[in-house]
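Just below is one structure, and these are the notes that go with it.
Each chain gets a letter, A, B and so on, in the order its sequence line appears, and its residues count up from 1. Atoms considered below: every heavy atom in the structure, side chains included; atoms not considered: hydrogens, waters and symmetry mates.
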Protein chains: 2
Amino acid sequence: MGHTCVTATTSDEGAAVPVTIRDVARASGVHISTVSRTFSAPHLVNPETRVRVLACAEDLGYRPNRAARALITGRTHNIGLIIADIANPFFPPLIKAAESQARHRDYHVFVADTNEDPTAEEELVHALAKQVDGVLLCSPRMSNSLIEQLSREVPLVVVNRQVTGLPCVLMDVGQGARSAIEHLVGLGHRSIALLGGPRSSWTNREMRRAAGAAARAGGAELTMLGPNAPTEVGGSAVAEQVRRSGVSAVLAYNDLMAIGLIEGLDALGVRVPQEVSVVGVDDITLSRLTRPKLTTVATPTGAAGRTAVDMLLQQDIESPRGARGSGAGTALGVRRTTAQVMLQTDLVIRDSTGPGPYARPARPLAAPRGPGPHCPAGPGIPTAATGDAVAS
Amino acid sequence: MGHTCVTATTSDEGAAVPVTIRDVARASGVHISTVSRTFSAPHLVNPETRVRVLACAEDLGYRPNRAARALITGRTHNIGLIIADIANPFFPPLIKAAESQARHRDYHVFVADTNEDPTAEEELVHALAKQVDGVLLCSPRMSNSLIEQLSREVPLVVVNRQVTGLPCVLMDVGQGARSAIEHLVGLGHRSIALLGGPRSSWTNREMRRAAGAAARAGGAELTMLGPNAPTEVGGSAVAEQVRRSGVSAVLAYNDLMAIGLIEGLDALGVRVPQEVSVVGVDDITLSRLTRPKLTTVATPTGAAGRTAVDMLLQQDIESPRGARGSGAGTALGVRRTTAQVMLQTDLVIRDSTGPGPYARPARPLAAPRGPGPHCPAGPGIPTAATGDAVAS
DNA sequence: CGTGGTGCTGCAAAGGTTTGCAATGAAGTA
DNA sequence: TACTTCATTGCAAACCTTTGCAGCACCACG
C-alpha cells in the first residue's frame, strides 16, 4: 500500500462564491468604474467614496481578478522563469535573487522545471506566453533558432546562453576555466581532464574552448571526457575513467560533478588532492561543506538573476504588448534594445587542489596564488545597456 | 565593476503582433466560434473546415490566449506550488513528481518560493488565486487558521501539515522518528539529542512528540536542541553544542542538518559514527554521497507530490468554480471531500550510525569499542519537556 | 451672468475567448 | 410531399476589468 488514509470527510461549506467588482459596486452604491479606480487610480476618486468602497471590498473579501485585468491592460505583472533542473543547487540562488528583484518591481515570479528536456522547454514557453509579461530562459537546451522564434511570441531574456539579437546574461566561464587551468598548471599539473556537461550547453562549449586554449598555452595536455549528466551521479560515474586516464587534475563542468567525482575516486582509493586535484564550477554552498573543501570557479548567480529581471522589465516597459491605444506609432515595429551582459567569475581556491607531478619543490604550501585573488564578487547591479549606443 | 557589456544593439523587428482568433477566422473565412470549436471541440466541426482552419492558424502562428479562455471557463489548467525553500533538496523530487503528474492531466505547475516567510506565503496565495485552479501548500509556515481562511479563496491541498477540514498529504515522520530512536537504542545509545527544525513546522512537532515517546519507552534520555535553521549551516552551527552535551547519538530534523552537523563535528575532531552516531531525515540524494553515508529516515517525497496533485484535481473537477451555468444546484454549496493521507516512511541504515556506549559486547560489527568516551554515566542534562501535552 | 476650470462619477466599449441557442441545409422517413 | 433528424455553422451574450470620454455640480473669475 504505502499509505494509510487517516480521515475522509465531506463538508459542504460554500466554496468561495467569487465576488466581483460588480458586487462591490452594488454594495457601496457606486458604478463599477469607480470601484476600479479606487484600486488602480485612487487619486481620481473622492476620499470619502474611496473609504466606503474599500470598506465594502474588505467586507466582501473582494480581490481584483488579475486575469481579467491582464486581458485589457496587456500586463500580468508576472514573470516566468524556466529552469533546466531545479534539483541543481546552482539555480536556487538565481531564483531567489530574481524573485526578490521582481518583488521590488511589484512582479511575481513563476518557476517551471524542464528536466533538461528541450521539448518541455518549448511547450512551457507557449503555456506561459500569455500569462506572463516575459520569460527568463535559464541554461536552455533548445536550439538558438528555436529560441529566436519563440522570442517573437513573448519577451525573452536568456541566461547562460548567447543568442544574437536577444538580451542575454552570461557568466564568464571562459575566464573561469582559464583561471582554473592556470591554477592547476601553476601547481605543476601537466595532464588535466575536462569533465564535460550536457552537449547542448553553451557553458559547456565555452569551457572546452577556453580550457583547451589555456592548456595549450601552459604546455599541458587536456583530455575531454563527456558529455555527462551534470549531477553528482554523473561525476561519480566517471571516476573509474578518470583514474584510468592517468591525469593528475580534473576540471569539472560544475560542483555537483566535482563532488560526485571526489566521492567516486575515494571509493576507488584515490585520494584528493594528494593524487588527483579537482576543480569545480559554481561555488554552491555545499562546496564549502564537503571534505576536502572544493576549489571552484565562483559564478555570480544572484547577480545574474537580478540582472536578467532588470533587463526583462526594462525591455518590457517600453513596449506594452497588446495594449489597445496603438494609434499609429506602435504598429510599425517597436524598438527593442538587446543588451548582452557578461558577468565576471572568480576562482576560489580551497582544499581539493594541490601540487602536481611537476611542482617546483620550493613551493610554500600556504598561499600560492597566480592571478588576482578572488575579490568578493560585488553584487553591483550592472547598469545594463546604455541605450542605443552603437559603439561599445 | 563586476561585469562587462559585450554588445548593445537596437533592432526594430516587429515585436509579435498578437494574432487572435479573429484573425484566423478572417483568414479561413469562417466565424470565430468555428475557430474556437476547432480547438476546444474538434468533433463538432466539419473535417474539411477543420483542416483549413488549422492550416490558417498554423500559418499565422495563432495560439489561444489562455487568460481569456480562463476568464470564461473558470479553469486555467494551472496549479500553483508554494514551497518554503527551493534551496532545500528535499523539495525538487516533490516538485518534479507533481509536475509530471500534472502534465499527464494536462496541467502546468508554477512553483514559487517563500523564503520560509509566512507573509510571503499569504501574499503568494492571493496572487495565484485567480491564475491557477488550485494551490499546493508545501510545509507551510503560517498558522492553521490563516490557511483555512485562504482556502476559501482558492482550492488548497496542504503537504506536511495537518489542517482539519482541508485535504492534507502527510508523511509519517512520527513513525520515522520512532524507528530512528529504536535503532539507536538498539545500538546501545542511551543519551540522544534531537536537533529541532523551524518552530512553526508540523514535522518538527511530530518528531519531538514521537521521538520523546520512543526514548522514554527505550529507557533513553532525549535532549532537545533547537529550533534551528533547517540547513547545512544550521547543522554545523550546533556541532559544538552537541559535543558539549555529551550525547552519543543525534537525530536531526533533516539530512541537510545532519550533514552539516557531521562536517561540524569533524572540524572539532569528533568522529562519526565512532564517537557520535547521526541520523537524518529525508534521504536526499546527497546523503548517499557524503562520507560517511548517512543513516536516514526516507520520506516518500515523490509520492507526496503525485498524491497532492491527484487530490487537488479530484476536488477541483467536481466544483468548477466561477462557471456561469449555475442555475440552481451549484449555488447552495459544493460538496468538498477532504481526505487526509498519511504516507509511510522507512529507516535506511547506512554508515553514520554505529554501536553506542551500552552496546552488547558480542556485537560482531566493526571496530571493538571501549566504553563511551563521553560522560558515560553522568547525564547532567535533563530531558527537555516534551512540549504541548495537548493531543493535537 | 457667462465662462472656464476642476473634481468626481457614470457610460460604454474593448480585450479574446467559450457556449447555449438558433438557423441552415441535407439526408432520411413516412 | 411533408416532416423529422442530424451535422455544421453563425449569432450574441457572457466572463471581469480598464479607460477614454462625457456629464454633472460647483467654484472662481471677469
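dT17(C) atom P lies 15 Å from atom CD1 of Ile72(A), rounded to whole Å. Regarding Arg52(A), its CZ atom lies at a distance of 12 Å from the C1' atom of dC8(C), rounded to whole Å. Protein atom CG of Leu44(A) is 11 Å distant from nucleotide atom P of dT19(D), rounded to whole Å. Remark: P of dG7(C) and CZ of Arg50(A) are 13 Å apart, rounded to the nearest angstrom. If you take CZ of Arg63(A) and P of dT17(D), they are 13 Å apart, rounded to a whole angstrom. Residue Ile32(B) contributes atom CD1, which lies 13 Å from atom C1' of dT9(D) at whole-angstrom precision. Atom pair Asn46(A):CG and dG10(C):C1' shows a separation of 15 Å (rounding to whole Å applied). We find that CD1 of Ile21(A) is positioned 15 Å from C1' of dA14(C), with the value rounded to whole Å.
The side chain of Leu71(B) has dC15(D) as its nearest neighbour among dT19(C), dC15(D), dT18(D). Considering only side-chain atoms of His31(B), the nucleotide from dG10(C), dT17(C), dC11(D) that sits closest is dC11(D). In this structure, the nucleotide among dT18(D), dT17(C), dC21(D) sitting nearest to the side chain of Arg69(A) is dT18(D). Closest approach to the Asn65(A) side chain among dG10(C), dC16(D), dA14(D) is made by dC16(D) (side chain taken as heavy atoms from C-beta onward). Closest approach to the Pro47(A) side chain among dT18(C), dT17(C), dC8(C) is made by dC8(C) (side chain taken as heavy atoms from C-beta onward). Of the candidate nucleotides dA12(D), dC16(D), dC21(D), dC16(D) has the atom lying nearest to any side-chain atom of Ala68(A).
Side-chain contact between Leu156(B) and Val154(B) is present, with heavy atoms from C-beta onward closer than 4.5 Å.
Looking only at atom types and distance, the side chain of Asp310(A) has a donor-acceptor partner in the side chain of Gln101(A) under 3.5 Å away.
The main-chain N or O of Thr20(A) is found under 3.5 Å from a side-chain atom of Asp23(A) such that the two form a donor-acceptor pair. Counting only distance, with no hydrogens or angles, the side chain of Thr34(A) and the backbone of Val30(A) share no donor-acceptor pair below 3.5 Å. A donor-acceptor pair is defined here as one N or O able to donate and one able to accept, closer than 3.5 Å; no such pair exists between the side chain of Glu122(A) and the backbone of Pro118(A).
Counting non-hydrogen atoms under 4.0 angstrom, Arg22(B) reaches a base of the nucleic acid. At a threshold of 4.0 angstrom between heavy atoms, the contacts of Phe39(B) with the nucleic acid are absent. Thr20(B) comes within 4.0 angstrom of sugar-phosphate atoms only, judged by non-hydrogen atoms across all strands, and of no base.
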Hey, mind stepping through Asp117(B) and Arg141(B) against salt bridge (Lys or Arg N to Asp or Glu O under 4.0 Å) and telling me if it holds?
CA-CA 7 Å; Asp117(B) 174 9; Arg141(B) 301 291 182 239; over 6 Å; no
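Looking at Arg66(B), its side chain has no donor and acceptor atom pair within 3.5 Å of the base of dG16(C).
Contact annotation: Thr34(A) side-chain N/O to dT9(C) OP1/OP2 distance is not under 4.0 Å. Between Thr49(A) and dT9(C) there is a side-chain N or O to OP1 or OP2 distance below 4.0 Å. Remark: Ser36(B) is in phosphate contact with dT18(C), judged by side-chain N or O atoms under 4.0 Å from OP1 or OP2.
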